[in-house]
Amino acid sequence: MSSQDPRPAIHIPGTTSHTIAARAGRHSREGTLRYLKAGTGAPLVLLHTVRTQAEHFRALIPLISDQYTVYALDLPGMGYSEIVPGASYDEPAMRAGVKRLLTELDLDDVTLVGESMGAVLALTAAADLPERVRRVIAVNTYDFRGGIARSGLLARVVVSGVLAPGVGPVVAGVEPKPALRKILQGGLGDKTALHEDYVDELLRVGARPGYPAVARAVYQALPSLIAARSRYREVKAPVHLVYGEKDWSRPSDREANKRLLPAAGFTQVPEAGHFIALERPDVLADLLNAVA
């Protein structure tokens with residue numbers, strides 16, 4: 001983090017913060033990556049959702065750190081990872097960040113756990129690095145048309161504005177707290193699972209210089225996340241698909257992924273929405289600890 005960047009206001013007990021250096025080279029677009037580390041045991045990597053960061057897993061990490069060494073990554077440009085002007089935020093570029101974590105820390109026998117966009121990246125990174133990945137838990141894969149715009153009318157209006165030519169960068173830089181709260185609550189069955197200090201933390205990150213451009217690029221990258229479904233059949237590791245009953249995905253979206261991954265386990269969490277790590281971390285912890 002540069003001296004101009006804010007510092008995270010949320011601390012997860014038992015975690016320490018670390019960085020992976022930027023890739024060398026005058027033309028490199030791969031900046032410094034930040035991650036949290038906790039626990040002991042086999043390595044487990046957590047990959048967060050659209051518009052969030054490693055602290056998204058604040059409730060899950062303490063439930064699994066007795067069984068795993070947990071690495072919670074801030075995806076490229078997000079959270080407190082470096083914002084590199086001109087960098088890409090499509091699926092291959094974000095996947096490259098995940099692979100950097102695994103290869104530069106020389107992690108083997110890894111459990112990859114991703115939610116939303118992170119679930120897609122967990123699957124595609126596993127396809128690329130079969131020798132390093134032990135299993136994948138893919139939670140509410142964000143690989144369908146509409147994405148967060150299915151959260152509700154406000155989300156549709158905001159996302160449409162962010163993506164609009166001309167005014168999009170301006171809209172991306174305006175993020176009132178009530179609007180962000182409302183959009184995120186649209187991804188929850190239990191609205192009380194969204195804590196105010198977490199919303200404040202996301203707003204701190206959103207105020208980083210250059211972050212509006214990252215946010216806009218991530219929403220523009222949705223087609224690349226949809227296209228990444230073509231890689232799912234290449235995954236050699238065991239996969240478990242987890243969906244909230246009230247996730248933005250439709251039953252047809254879930255069935256389509258089950259057909260692509262016919263050997264995968266499947267769990268649907270009653271009454272839960274898109275952000276299961278916020279409202280039902282116990283479900284994920286039980287799945288993970290049972291196979292540690």
Side-chain angles (χ1 to χ4, degrees), residues 33-34 46-58 60 72-81 83 87-98 112-125 138-152 154-163 168 171-173 175 179-188 193-194 198-199 201-206 208 210-229 242-244 246-249 253 272-279:
L33 296 174
R34 175 249 193 178
L46 296 171
L47 304 173
H48 61 80
T49 74
V50 171
R51 185 52 189 95
T52 67
Q53 59 196 73
E55 281 78 12
H56 185 74
F57 298 104
R58 66 190 297 191
L60 176 60
L73 178 66
D74 278 347
L75 291 168
M78 290 171 250
Y80 295 93
S81 287
I83 296 172
S88 171
Y89 294 97
D90 62 9
E91 186 276 330
M94 292 188 289
R95 184 191 343 140
V98 177
L112 286 177
V113 182
E115 183 163 274
S116 183
M117 173 177 65
V120 178
L121 299 175
L123 289 163
T124 56
V139 184
N140 289 328
T141 56
Y142 190 83
D143 54 11
F144 47 85
R145 295 190 183 280
I148 196 171
R150 295 184 184 178
S151 169
L154 178 60
R156 289 194 293 275
V157 170
V158 170
V159 173
S160 295
V162 168
L163 295 175
V171 176
E175 196 172 43
L180 179 60
R181 183 195 300 115
K182 183 72 172 177
I183 291 170
L184 293 173
Q185 285 178 336
L188 293 167
L194 182 65
Y198 183 51
V199 179
E201 173 62 30
L202 296 179
L203 289 170
R204 288 166 62 85
V205 165
R208 294 177 65 199
Y211 193 87
V214 175
R216 187 167 189 254
V218 170
Y219 289 129
Q220 290 173 322
L222 178 57
S224 71
L225 295 172
I226 297 170
R229 294 181 67 250
V242 180
Y243 284 98
K246 297 181 178 180
D247 179 47
W248 301 325
S249 61
D253 300 320
H274 190 68
F275 301 119
I276 290 177
L278 296 184
E279 60 180 327

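Between D247 and R150 there is no salt bridge, since no side-chain N of the basic residue sits under 4.0 Å from a carboxylate O of the acidic one. Salt bridge annotation for R34-E55: present, with a cationic side-chain nitrogen under 4.0 angstrom from a carboxylate oxygen.
Here K182 contributes atom NZ and L180 contributes atom CG; the two are 13.0 Å apart, rounded to the nearest 0.5 Å. In this structure, the separation between CD on Q185 and CZ on R181 is 6.5 Å, given to the nearest 0.5 Å. The distance from the CD atom of E91 to the CG atom of L225 is 6.5 Å, given to the nearest 0.5 Å.
Taking all atoms of both residues into account, the shortest heavy-atom contact from G79 to V205 is O-CG1, 3.5 Å. The shortest non-hydrogen separation linking Y89 to A221 is O-CB, 3.2 Å. The minimum heavy-atom distance between V98 and L73, with the atom names listed, is CA-CD2, 4.1 Å. Shortest non-hydrogen contact noted between A93 and P76 is O-CG, 4.3 Å. Of all non-hydrogen atoms in G77 and V214, the two that sit nearest each other are O-CG1, 3.7 Å. Considering all non-hydrogen atoms of both residues, A122 and L112 come closest at O-CD1, 3.4 Å.
Under the 3.5 Å distance criterion, with hydrogens and angles disregarded, a donor-acceptor pair is assigned to the side chains of E115 and H56. Defined by atom type and a distance below 3.5 Å, a donor-acceptor pair is missing between the side-chain atoms of Y142 and S249.
L123 has its side chain within reach of T141: a pair of non-hydrogen atoms, C-beta onward, lies under 4.5 Å apart. Between F144 and I226, the closest side-chain pair of non-hydrogen atoms is not below 4.5 Å. You'll find the side chain of L75 reaches within 4.5 Å of the side chain of M117, heavy atoms only. Using a 4.5 Å cut-off on side-chain heavy atoms (C-beta onward), Y219 and R51 make contact. Contact check for D74 versus L33: no side-chain heavy atoms found under the 4.5 Å cut-off. Considering only heavy atoms from C-beta on, R204 comes within 4.5 Å of Y80 through its side chain. Within the 4.5 Å cutoff, the side chain of M78 has no heavy atoms near those of the T52 side chain. Residues H274 and K246 are not in side-chain contact: their nearest non-hydrogen atoms beyond the backbone lie 4.5 Å or more apart.
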(Q) Determine whether Y198 and L278 satisfy the following criterion, side chain to side chain contact (heavy atoms under 4.5 Å, CB included), listing intermediate values before the conclusion. (A) CA-CA 10 Å; Y198 183 51; L278 296 184; 4.1 Å; yes
Q: Could you please spell out the steps behind the ring-ring contact (aromatic ring centres under 6.0 Å, His included) verdict for W248 and F275?
A: CA-CA 10 Å; W248 301 325; F275 301 119; 5.7 Å; yes
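Checked by atom type and distance alone, the side chain of Q53 never pairs as donor or acceptor with a backbone atom of L202 at under 3.5 Å. Counting only distance, with no hydrogens or angles, the side chain of N140 and the backbone of G244 share a donor-acceptor pair below 3.5 Å.
Every residue two or more places apart in sequence or in another chain was checked for a salt bridge (charged side-chain N to carboxylate O under 4.0 Å, His left out) with D90, and none qualifies.
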